Each structure stands twice: as C-alpha cells, then as structure tokens.
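Reading through the structure tokens given below for one structure.
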Amino acid sequence: MEFILSHVEQGVMTITLNRPERLNSFNDVMHQQLSECLKQAERDDTIRCLLITGAGRGFCAGQDLNDRNVDPNGPAPDLGYSVETFYNPLVRRLAKLPKPVIAAVNGVAAGAGATLALGCDMVIAARSVNFMMAFSKLGLVPDCGGTWLLPRVAGRARAMGLALLGDKLSAEQAHAWGMIWQVVDDEELSSTAQKLAIHFASQPTLGLGLIKQAMNAAETNTLDEQLDLERDYQRLAGRSDDYREGVSAFLAKRPPNFTGK
C-alpha cells in the first residue's frame with residue numbers, strides 16, 4: 001500500500017498522507033515514501049508549489065507508537081535516532097524548498113503532525129481541526145521543529161502552555177493567535193487550498209522562493225545581516241526572467257506570464 005499519494009497538476013504537487021486507519025501517523029516506510037516525493041519536488045522545475053494534506057478524518061497524528069513500542073523487559077528505545085533519521089531531514093527539506101509549501105489541515109493534527117503542519121509556509125485548516133502538542137502526555141519533547149517553531153508562531157507564553165499542557169487547540173483559536181493563515185468550513189478545505197496552490201504556481205515562483213528563504217533567515221539574523229541578505233536576494237530576483245516579464249506586463253497593461261525562472 002502506498003502510504004504517500006502524490007500527483008502533479010497545473011504546477012502543483014499534492015501530497016496526501018495516506019494511512020487513514022492510523023490517522024496518517026508516521027512509520028518508517030511512510031517517511032521513506034515522503035522523502036522520495038520531496039526529491040521530485042526539489043528537482044522538477046515544473047512543480048512550483050507543494051500542497052500537503054491527509055486522507056480520511058485526520059491530517060496526521062504524529063509518530064505511530066506501534067512502531068516505537070517500549071518493551072518493559074527490554075532496553076530503552078533510541079527515539080533520537082528516529083528524530084535524526086526522519087523528522088529533522090523532513091523539516092530541513094521543507095524549509096529549504098525554494099517553493100511555497102501549503103498545509104491543508106483536516107481533522108486531527110497531533111504531535112509531529114501538528115508541528116509538521118504549523119511549520120509549512122501557509123496553513124489552511126478546516127473549522128473542525130484540533131492541534132495538539134501531545135508530546136508532554138508521553139513524557140517527551142516536541143520534535144519535528146516544535147521547540148523552535150512554537151515560540152515563533154505563538155509567542156513564548158502560549159508556546160510554553162501548549163507544550164507543557166498538551167491540550168487541544170482549535171483551528172479558530174490558532175487563527176486568532178496568528179499561528180495559521182486561514183480557517184474554512186470543512187467542505188471548503190480542499191477547494192480553497194487548491195485554489196491558493198494554483199495561484200502560487202502561476203506567480204513568479206523564483207521570487208516567492210527567495211521571499212521564503214529571507215523570512216526564514218530573519219529568525220536568526222541581525223538587522224545588518226538581513227539587510228545584506230535582502231541586497232543579495234534582490235540582485236538575484238532582478239536578474240530573473242520573471243522580473244523582466246512582470247515589468248513588461250505592467251508597462252503593457254497586460255496579464256503577466258510568469259515561468260518561475
């Protein structure tokens with residue numbers, strides 16, 4: 001069975017986490033299949049936006065604990081190996097991908113599923129969604145970028161509360177706190193996310209990728225470092241075909257035809 005479904009249409013690669021009977025929780029094979037899809041997204045210039053969603057009644061419930069079962073009579077598991085082998089590379093690849101990444105979140109997003117979603121460039125959530133930092137319920141630490149991400153999207157006080165309590169956070173509250181981009185009725189999630197993804201795929205995606213990288217760098221750069229980075233990225237953007245097309249279209253008062261180059 002394919003645990004990751006993917007298809008490309010109109011410049012958008014849609015990736016569907018596909019273990020619905022387990023609320024799309026990750027096992028090792030699912031990680032490996034997702035990695036192969038991301039390789040395609042990185043290498044294929046015709047893919048100009050990535051959309052991630054979940055099959056069935058949940059987005060992702062994090063790690064499948066059946067794969068990390070603790071034998072009371074055996075040695076303690078090395079959970080750091082799983083983080084280093086699978087989750088850390090996933091977070092780094094999505095952050096470095098020079099294309100917009102949208103999460104269309106349905107149902108449950110718990111543990112690494114919640115941090116995976118919130119770490120995407122834009123998050124659209126169905127109104128019924130609950131995010132939950134379930135790590136503390138098991139005596140664990142938020143991973144998949146959680147301890148870096150949460151203070152930045154929610155602020156330190158809220159991040160600490162979410163991580164320590166592990167309580168449910170509704171999509172409406174996440175939106176009110178500025179953690180996600182949009183909340184829509186459940187039946188509108190797919191069409192809304194697809195519309196946004198197709199829009200991005202028609203835009204000057206080289207420039208969008210530079211915006212993404214600049215925003216990510218700003219989290220740790222000094223002002224001087226960021227000003228220098230803006231100079232360098234603007235130089236790259238100004239040499240692009242898309243900038244030339246955008247200016248030509250503006251002056252000719254016609255719709256632009258961007259190619260992402």
Side-chain angles (χ1 to χ4, degrees), residues 3-4 17-35 52-95 103 105-120 123 125-126 128-180 219-220:
F3 295 147
I4 299 293
L17 310 180
N18 188 43
R19 296 186 73 216
E21 74 287 353
R22 301 292 303 169
L23 287 175
N24 303 317
S25 57
F26 277 101
N27 61 14
D28 292 358
V29 176
M30 185 172 168
H31 272 294
Q32 291 159 2
Q33 293 180 1
L34 178 57
S35 177
I52 303 176
T53 192
R57 58 192 179 88
F59 177 77
C60 178
Q63 175 64 42
D64 188 340
L65 296 181
N66 287 324
D67 269 22
R68 301 290 183 266
N69 194 20
V70 180
D71 182 355
N73 300 314
D78 182 3
L79 299 187
Y81 171 82
S82 179
V83 171
E84 180 66 22
T85 305
F86 298 118
Y87 288 105
N88 286 357
L90 172 59
V91 172
R92 290 184 174 115
R93 292 178 82 174
L94 291 176
V105 184
N106 51 306
V108 176
T115 52
L116 170 64
L118 293 172
C120 291
V123 183
S128 64
V129 163
N130 284 302
F131 298 94
M132 185 165 63
M133 301 301 137
F135 304 94
S136 61
K137 303 288 188 182
L138 300 172
L140 297 178
V141 177
D143 58 24
C144 201
T147 59
W148 186 92
L149 170 73
L150 285 174
R152 287 165 170 79
V153 299
R156 185 182 186 280
R158 288 168 176 163
M160 194 68 82
L162 290 170
L164 292 177
L165 294 171
D167 292 341
K168 292 180 180 179
L169 178 71
S170 70
E172 297 278 9
Q173 189 65 67
H175 183 252
W177 284 357
M179 296 172 63
I180 64 176
E219 298 288 357
T220 53

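For reference, positions follow the sequence shown, starting with 1. As a basis for the values below, the full set of heavy atoms in this structure was taken, side chains included, without hydrogen atoms, waters or symmetry mates. Predicted model only: the values in this text are computed from it and were never measured.
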Which distance, rounded to the nearest 0.5 Å, do you find between the [atom1] of [X] and the [atom2] of [Y]?
{"X": "Leu169", "Y": "His175", "atom1": "CG", "atom2": "NE2", "result": "12.5 Å"}
{"X": "Leu79", "Y": "Gln63", "atom1": "CG", "atom2": "CD", "result": "8.5 Å"}
{"X": "Gln33", "Y": "Phe26", "atom1": "CD", "atom2": "CZ", "result": "11.0 Å"}

| Would you say Asn130's side chain and Val108's backbone share a donor-acceptor pair under 3.5 angstrom? | no

Problem set entry | Heavy-atom donor-acceptor pair, Asn106 side chain to Ala55 backbone, under 3.5 Å | no

Listing, residues 132-158 side-chain donor-acceptor contacts under 3.5 Å, not counting sequence neighbours, or none:
| residue | atom | partner | partner atom | Å |
| --- | --- | --- | --- | --- |
| Ser136 | OG | Ala163 | O | 3.2 |
| Ser136 | OG | Leu164 | O | 3.3 |
| Lys137 | NZ | Leu165 | O | 3.3 |
| Arg152 | NE | Glu219 | OE1 | 3.3 |
| Arg152 | NH1 | Trp148 | O | 2.8 |

To check you understand the geometry: which heavy-atom pair defines the closest contact between [X] and [Y], and what is its length?
{"X": "Ile52", "Y": "Phe59", "value": "O-CE1, 3.7 Å"}
{"X": "Ser25", "Y": "Cys60", "value": "CA-SG, 4.4 Å"}
{"X": "Leu118", "Y": "Val123", "value": "CA-CG2, 4.1 Å"}
{"X": "Phe131", "Y": "Ala171", "value": "CE1-CA, 4.2 Å"}

**Prompt:** side-chain contact (heavy atoms from CB on, under 4.5 Å) between Arg19 and Asn27: does it pass, once the steps are laid out?
**Reply:** CA-CA 10 Å; Arg19 296 186 73 216; Asn27 61 14; 3.4 Å; yes

Quick one, [X] and [Y] - any side-chain contact, counting heavy atoms below 4.5 Å?
{"X": "Met179", "Y": "Leu162", "result": "yes"}
{"X": "Met30", "Y": "Asp64", "result": "no"}
{"X": "Ile4", "Y": "Asn18", "result": "no"}

Practice task
For residues Tyr87 and His31, establish whether the separation of their ring centroids is below 6.0 Å.
Solution key: yes

Could you walk me through whether Leu116 and Leu94 pass the side-chain contact (heavy atoms from CB on, under 4.5 Å) test, one step at a time? CA-CA 9 Å; Leu116 170 64; Leu94 291 176; 3.6 Å; yes

